Amino acid sequence: MNTSLQSLIAAAGLMLAAGAYALTPDQEARIEDLLSRMTQEEKIGQLNQISGDGYSPRMSEAATKGTAGSVLNEVDPTVISRLQHDAVEKSRLGIPLVFARDVIHGFRTIFPIPLGQGATWNPALVEEGSRIAAKEATSTGVRWTFSPMVDIARDARWGRIAEGYGEDPVLTGAMGEAAVRGYQGNDLSSPDALAACVKHFAGYGAAESGRDYNTTWIPDVLLHDVYLPPFKQAADAGAATFMCSFNEINGVPSSGNSYLLRDLLRDSWGWNGLVVSDWGSIREMIPHGFCEDMADAARKAANAGVDVDMESYAYLPNLAKLVEEGKVSQATIDDMVRNMLRLKMELGLFYNPYAPKSDASAFYTPEALEAAQRTVEESTILLKNNGILPLKGSQKIFVTGPMADAPHDQCGTWSFDGEKSHTVTPLAALREKYGDDAVIYMPGLAYSRDLSTDGFAAAVKAAGDADVILYFTGEEAVLSGEAHSRADISLPGAQTAYLEALKAAGKPIVTVVMAGRPLTLPTESRLSDALLCSFHPGTMGGAALARIIAGEVSPGGKLPVSLPRMVGQLPLYYSAKNTGRPANEITLIGDIPLEAGQTSTGCTSFFLDAGVAPLYPFGYGLSYTTFEYGAPELSASEMAADGSITVTCKVTNTGSVAASDVAQLYVRDLVGSLTRPVKELKHFEKFTLAPGESRNVTFTLTADELAFHNAKGERIIEPGKFHLWVDNSSLCEAAPVEFSIR
Ligand code: GLC
């Protein structure tokens with residue numbers, strides 16, 4: 001190791017605080033000393049992030065010459081170690097590299113996709129899974145993940161709805177914060193700590209028509225009240241890094257948006273971490289029509305606050321000249337480099353650059369597999385059940401569908417480092433649980449997009465020999481995630497036709513949907529005796545689903561997104577505005593008489609062919625028991641603008657099995673200087689009750705939580721009346737209780 005660096009390391013001190021750059025004064029001083037000794041080329045090299053391709057001459061040279069400060073997509077521990085030795089032992093100043101990867105929902109042990117993790121409504125579980133992912137990933141030498149993604153998504157056509165926690169800022173914020181805590185742990189310098197990266201900052205999920213990378217138009221009020229809060233929560237949780245998004249907001253690409261990256265993130269929020277671009281997003285400001293050429297793109301990105309250039313190769317060849325031309329200040333460059341050096345210092349890389357010896361024992365531990373299975377059990381949503389579930393007694397089971405034995409696709413998008421050989425599919429788990437003789441298997445369709453009906457007849461015949469049909473449907477992993485938006489979000493291929501064919505067998509049908517997004521399932525809901533939704537559940541999906549189907553555990557999921565009836569309803573979300581003509585008179589297209597009069601169908605805000613309600617609403621999910629919610633009791637019927645009230649609700653398990661539920665507190669601001677949503681989630685709590693057991697769920701609601709941004713961009717709390725519900729979905733069918741802010 002380079003001797004000058006050793007003195008730096010020895011004096012660096014051993015204890016580092018957590019959070020975005022809570023370094024000791026001594027460590028800051030050491031960084032200044034290093035910065036003062038770096039050439040301009042070495043400084044700019046730290047701002048370049050390149051994608052690994054093994055221990056190639058290109059990579060070794062970048063490490064040795066310091067023309068890259070970080071590497072993404074390298075996960076081979078031997079390659080990481082060799083490149084790190086090149087950087088630390090052979091480069092002039094011995095500055096270590098930091099290695100990054102998209103560890104989005106697990107590393108080797110794949111957990112449910114984030115949308116499924118959102119369906120758990122259990123932040124502690126998300127934190128536990130993120131901690132496990134961090135331990136697996138860091139065992140290879142990776143110390144930085146590009147996760148959590150906290151983009152709010154209200155359009156299921158968008159493929160990346162899979163990667164976030166749904167449509168609501170409170171649920172998304174809680175999950176994003178939990179993921180940051182899990183990844184980073186209590187001490188970022190610990191070898192098993194993974195620097196989080198909150199993305200995609202910002203507004204990426206508002207892509208017009210749900211088409212990925214598309215234009216976003218977001219009024220400030222909506223940006224501040226819906227899209228930004230989860231990012232602020234993650235920043236406050238100490239996330240070490242942020243990633244700017246590909247999209248433009250109101251004409252300004254995020255990679256060149258100084259309002260977002262400096263005025264808001266750093267000046268207003270006081271966050272002092274590192275901002276990395278998205279892949280090539282600096283370069284993409286040219287096709288956006290925001291920059292003339294790469295030099296212009298580098299200038300705008302650096303001045304806007306993007307510290308590290310991921311795979312645009314804009315900074316390396318242009319920044320030095322831009323400084324000479326006075327278009328980017330030296331102080332700006334030094335701040336950017338400082339942020340990268342701080343990240344490495346906080347990760348402890350200056351004094352411990354090498355990962356502990358890695359071996360396969362770090363992966364798929366019993367604890368990891370158990371946590372992954374529990375996460376699936378808590379994320380699987382029971383949408384319909386006529387009593388067929390849980391299966392009773394010994395039955396002949398017909399297992400079918402393209403997702404019944406799809407070990408790769410079951411893991412969903414961004415599961416690069418998972419190994420399908422470790423996936424437990426529903427078919428394998430059901431055979432294990434019920435025995436081979438009890439399970440008849442015919443896929444019926446080979447994969448989710450399969451249009452062939454050739455397998456239907458034989459499958460329907462075979463199903464006639466069974467007592468119940470378990471139909472595993474959904475999407476292949478490639479049909480959601482980045483650049484994979486769909487304009488039709490029904491089941492792909494001939495899956496719906498196959499369900500209709502299966503009805504001819506005359507047996508009860510349990511349909512299980514494993515997808516990367518909410519799908520339109522009106523036929524599936526109508527024809528199935530039970531309907532389960534398990535957003536790409538990952539490695540242990542089959543084991544968990546078998547336990548749920550057998551009744552060993554009650555499904556614990558609640559929808560983190562609204563499930564539309566038709567794609568034409570999108571964008572669709574529960575916290576909508578009431579409009580001047582709320583849809584209280586609905587005449588559906590099939591009910592309209594011939595030559596009906598122009599105004600005879602009711603002049604309110606609905607679709608003739610879809611009504612207005614989702615097929616299943618945000619927050620909804622059944623279980624194997626029933627729960628009763630008492631009327632919420634308030635500690636007071638009014639509060640001051642700086643006050644709070646306590647809300648207590650008695651909940652009872654009125655059924656015959658233990659199960660979990662999620663108490664959700666919604667409010668409605670009845671009149672505002674701007675119109676307010678018909679309801680907004682403010683608090684939630686997941687709990688488990690034994691049969692007959694009751695408990696009080698208590699929330700503290702502050703007036704500050706009822707603030708919103710007005711047209712002037714001010715965050716205000718307005719006096720007035722509010723309605724409040726505590727329920728186990730956003731349906732909130734009980735009468736609200738009223739309170740006011742005086
Ligand atoms: C991708 C994604 C981003 C990811 C990055 C690195 O294009 O937009 O989420 O972290 O590139 O893989």
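Keep in mind the model is a prediction, meaning the values are calculated, not measured. All residue numbers refer to positions in the sequence shown, counting from 1. Counting starts at 1 for both ligands and their atoms, in listed order.
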For the 3.5 Å polar cut-off, considering only N or O atoms, please tell me whether [X] and ligand 1 meet it.
X	answer
Tyr204	no
Trp414	no
Glu163	no

With a 4.0 Å cut-off, would you call [X] and [Y] a salt bridge?
X	Y	result
Asp334	Arg338	no
Glu163	Arg160	yes
Arg181	Glu177	yes

Top protein contact for [atom], by heavy-atom distance:
atom	result
atom 2 (C) of ligand 1	Glu482 OE1, 3.1 Å
atom 3 (C) of ligand 1	Asp278 OD1, 3.3 Å
atom 6 (C) of ligand 1	Asp102 OD2, 3.2 Å

Whether Arg108 engages the ring of Tyr364 as a cation-pi pair (distance to the six-membered ring centre under 6.0 angstrom, angle to the ring normal within 45°) should be assessed.
no
Within 45° cone of Trp279 ring axis and under 6.0 Å: Lys199 NZ or CZ:
no
For [X], take its heavy atoms, then give the atoms of ligand 1 lying under 4.0 Å from any of them.
X	answer
Trp279	7 (O), 11 (O)
Lys199	3 (C), 4 (C), 9 (O), 10 (O)
Phe246	7 (O), 8 (O)

Met340 and Leu274, any side-chain heavy atoms less than 4.5 Å apart:
yes
In the structure I gave you, are the side-chain heavy atoms of Met336 and Leu341 within less than 4.5 Å of one another anywhere?
no
Has His200 got any heavy atom lying under 4.0 angstrom from an atom of ligand 1?
yes
Answer yes or no for Met243: is there a heavy-atom contact with ligand 1 below 4.0 Å?
yes
Just let me know how Arg101 lines up against ligand 1, side chain, backbone, both or neither, with a heavy-atom cut-off below 4.0 Å.
neither
Report the part of Met149 (side chain from C-beta onward, or backbone N, CA, C, O) that has a heavy atom under 4.0 Å from ligand 1; answer both or neither where that applies.
neither
Is the ring pair Phe618/Tyr574 parallel, tilted or perpendicular, if the boundaries are 30 and 60 degrees?
parallel
Under the ring pair (Phe, Tyr, Trp, His ring centres under 6.0 Å) test against Phe201, which residue among Tyr259, Phe242, Trp271 passes?
Phe242
